Number of protein chains: 2
Amino acid sequence: MRRDIFQAVADPTRRAIIALIALQAMTPNAIADNFNTTRQAVSKHLRILTECELVKQEQKGREIYYSLEIDKLKEVDKWMEQFRKIWETRYNQLDDVLVKLKNNKNE
Amino acid sequence: MRRDIFQAVADPTRRAIIALIALQAMTPNAIADNFNTTRQAVSKHLRILTECELVKQEQKGREIYYSLEIDKLKEVDKWMEQFRKIWETRYNQLDDVLVKLKNNKNE
DNA sequence: TATATATGCAATCAATCGGTTTCGCAATTC
DNA sequence: GAATTGCGAAACCGATTGATTGCATATATA
């Protein structure tokens, strides 16, 4: 059982579930209505998402509402940061080149 | 063969490879030296990364240098954006609350 | 109380994954 | 030219994955 957030997000159905419940909590049945799979399959996805704390549940009678623990997604964002730094560096380098070109033009 | 970027990034060894070659191109052997696996296993990872265009190769004699196609990682960043928006909204809402608290205090 | 609904869990299955071992090929080096 | 080095591809293997089916349980409704 690996259960890390990157593995959780790797599956396209799970990504869709995440997007679906990002703004409002939903029951497994309601979620399953949006996909071409059984409710049980969705339930398994929700279990995986719960195990890596990407999702939290709230029981209301016989229904269980699932909602996104959006802060957990910051772990992905955190990983991306190192590459964002590289992008920025390259962007600045490109900027330098453009500035130099402009200066040459004005000479 | 699914080969999408999220699945590619799901494996911890592949994430480590990505980080390793982000700044400088490396050969499979050099990459493999950093891990507890065989060169062939690394080679398979590199093939997967190549297939989803996260990595490019440059042959120099009998060596092949692999480097990161860093722009491809923006696809992950793009997916994150929807959640970043939600974070910002929540942050602003929190900000509103704090402003109101402050105003009440001053009354 | 009997029935319907909402859900989780276990068993099962084919497909995929990540790894190793073995091999073949091309480019160096001796 | 022979040996060495760097590499990818294929065959294989146990573990994991995503899905289905069948079942058990709890709540709501008739």
Side-chain angles (χ1 to χ4, degrees), chain A residues 1-21 24-69 72 76 79, chain B residues 1-21 24-69 72 76 79:
Chain A
M1 239 189 291
R2 210 165 48 189
R3 287 315 91 101
D4 75 281
I5 193 177
F6 289 97
Q7 182 259 345
V9 152
D11 182 75
T13 304
R14 279 197 291 270
R15 282 201 302 282
I17 292 176
I18 288 174
L20 204 56
I21 64 173
Q24 55 171 346
M26 292 177 75
T27 66
N29 265 319
I31 295 170
D33 283 344
N34 293 274
F35 302 102
N36 250 345
T37 53
T38 59
R39 174 190 57 78
Q40 283 90 335
V42 169
S43 211
K44 281 180 89 174
H45 284 306
L46 287 170
R47 191 156 76 94
I48 289 169
L49 293 171
T50 304
E51 277 170 6
C52 65
E53 300 174 314
L54 258 169
V55 144
K56 64 172 184 285
Q57 337 177 357
E58 192 181 349
Q59 183 120 21
K60 278 189 181 175
R62 68 182 162 186
E63 295 181 325
I64 301 178
Y65 285 85
Y66 286 86
S67 59
L68 185 61
E69 285 276 17
K72 189 70 177 183
V76 176
W79 182 73
Chain B
M1 238 189 292
R2 209 166 47 191
R3 290 309 96 101
D4 75 281
I5 192 177
F6 289 97
Q7 181 259 346
V9 152
D11 182 74
T13 303
R14 278 196 293 268
R15 282 201 301 282
I17 291 176
I18 288 173
L20 205 54
I21 64 174
Q24 54 173 344
M26 290 177 75
T27 66
N29 265 319
I31 296 169
D33 282 345
N34 293 274
F35 301 102
N36 251 345
T37 53
T38 60
R39 173 191 58 79
Q40 284 88 337
V42 169
S43 212
K44 281 180 88 172
H45 285 306
L46 287 171
R47 190 156 77 94
I48 290 169
L49 293 171
T50 303
E51 277 170 6
C52 65
E53 301 174 312
L54 257 169
V55 144
K56 65 172 183 285
Q57 338 176 359
E58 193 182 349
Q59 183 120 19
K60 280 190 181 173
R62 69 183 162 188
E63 294 181 325
I64 300 177
Y65 283 84
Y66 286 86
S67 59
L68 185 61
E69 284 277 19
K72 189 72 177 179
V76 176
W79 182 73

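Sequence lines set the chain letters: A, B, ... in the order given, protein chains first and strands last, and positions in each chain run from 1. Everything numeric in this text was worked out from a predicted model, so none of it was measured. Basis for what follows: all heavy atoms, side chains included, without hydrogens, waters or symmetry-related copies.
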Chemist: Roughly how far, to the nearest 0.5 Å, is CG of B:L46 from CE of B:M26?
Modeler: 10.0 Å

Chemist: First locate atom CG of A:L68, then atom CG of A:L20, and finally report the distance between them rounded to the nearest 0.5 Å.
Modeler: 11.0 Å

Chemist: In this structure, how many angstroms lie between the P atom of D:dG6 and the CD atom of B:E58, rounded?
Modeler: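 Going from B:E58 (CD) to D:dG6 (P), I get 18 Å.
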
Chemist: In whole Å, I'd like the distance from the CZ atom of A:R15 to the P atom of D:dT17.
Modeler: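 Atom CZ in A:R15 sits about 16 Å away from atom P in D:dT17.
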
Chemist: Quick check for you: to the nearest 0.5 Å, what is the distance between B:Q7 atom CD and B:R14 atom CZ?
Modeler: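 Answer for the CD-CZ pair, B:Q7 versus B:R14, is 5.5 Å.
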
Chemist: Could you tell me how far apart A:R47 (CZ) and C:dC9 (P) are, to the nearest whole angstrom?
Modeler: 6 Å

Chemist: The side chain of B:N29 is closest to which nucleotide in this list: C:dC9, D:dG18, D:dG6?
Modeler: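 Given the options C:dC9, D:dG18, D:dG6, the side chain of B:N29 is closest to D:dG6.
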
Chemist: Quick check for you: among C:dC17, C:dG19, D:dA19, whose closest atom lies nearest to any side-chain atom of A:H45?
Modeler: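 Nearest nucleotide to the side chain: D:dA19.
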
Chemist: Taking CZ from A:R14 and P from D:dT16, how many angstroms apart are they, rounded to a whole number?
Modeler: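 Result: 15 Å.
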
Chemist: Once rounded to the nearest 0.5 Å, what's the spacing between atom OG1 of A:T27 and atom NZ of A:K60?
Modeler: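 So the OG1 of A:T27 and the NZ of A:K60 are separated by 11.5 Å.
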
Chemist: Supply the atom-to-atom distance B:I5 CD1 to B:E69 CD, rounded to the nearest 0.5 angstrom.
Modeler: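 One finds 11.0 Å between CD1 of B:I5 and CD of B:E69.
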
Chemist: Nearest-Å distance, CD1 (B:I17) to P (C:dG18)?
Modeler: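 Taking CD1 of B:I17 and P of C:dG18, I get 11 Å after rounding.
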
Chemist: Grab the CG-P distance between B:L46 and C:dG18 for me, whole Å please.
Modeler: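 Atom-to-atom, B:L46 to C:dG18, this comes out as 13 Å.
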
Chemist: Generate the contact string for nucleotides 22-30 of chain C. Rules: B means base contact, S means sugar-phosphate contact only, - means no protein heavy atom under 4.0 Å.
Modeler: B----BB--

Chemist: Using the closest heavy atom to pick a nucleotide of DNA chain D for each, name whichever of B:A30 or A:I48 lands nearer the 5' end.
Modeler: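 The residue whose closest nucleotide sits nearer the 5' end is B:A30.
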
Chemist: When the distance from CE of A:M26 to P of C:dT7 is rounded to whole Å, what number comes out?
Modeler: 11 Å

Chemist: Between A:T37 and D:dG18, is there a side-chain N or O to OP1/OP2 distance below 4.0 Å?
Modeler: no

Chemist: Give a yes/no on whether any side-chain N or O of B:Q7 is located under 4.0 angstrom from OP1 or OP2 of C:dC17.
Modeler: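 Yes, such a contact exists.
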
Chemist: In Å, rounded to the nearest 0.5 Å, how long is the span from CZ of A:R3 to CD of A:E53?
Modeler: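 The distance works out to 13.0 Å.
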
Chemist: Any N or O donor-acceptor pair under 3.5 Å from the base of C:dG19 to the side chain of B:K44?
Modeler: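 Yes, the side chain and the base share a sub-3.5 Å donor-acceptor pair.
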
Chemist: Where the side chain of B:S43 is concerned, which of D:dA9, C:dC9, D:dG8 is the nearest nucleotide?
Modeler: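 Per side-chain heavy atoms of B:S43, the pick is D:dG8.
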
Chemist: Would you mind reading off the distance between B:I31 atom CD1 and D:dG8 atom P, rounded to a whole angstrom?
Modeler: 9 Å

Chemist: Does A:A32 offer a backbone N or O that forms a donor-acceptor pair with the side chain of A:R39 under 3.5 Å?
Modeler: no

Chemist: Looking only at side-chain N and O atoms, does A:T38 come under 4.0 Å of OP1 or OP2 in D:dA19?
Modeler: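 A:T38 to D:dA19 OP1/OP2: no side-chain N or O under 4.0 Å.
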
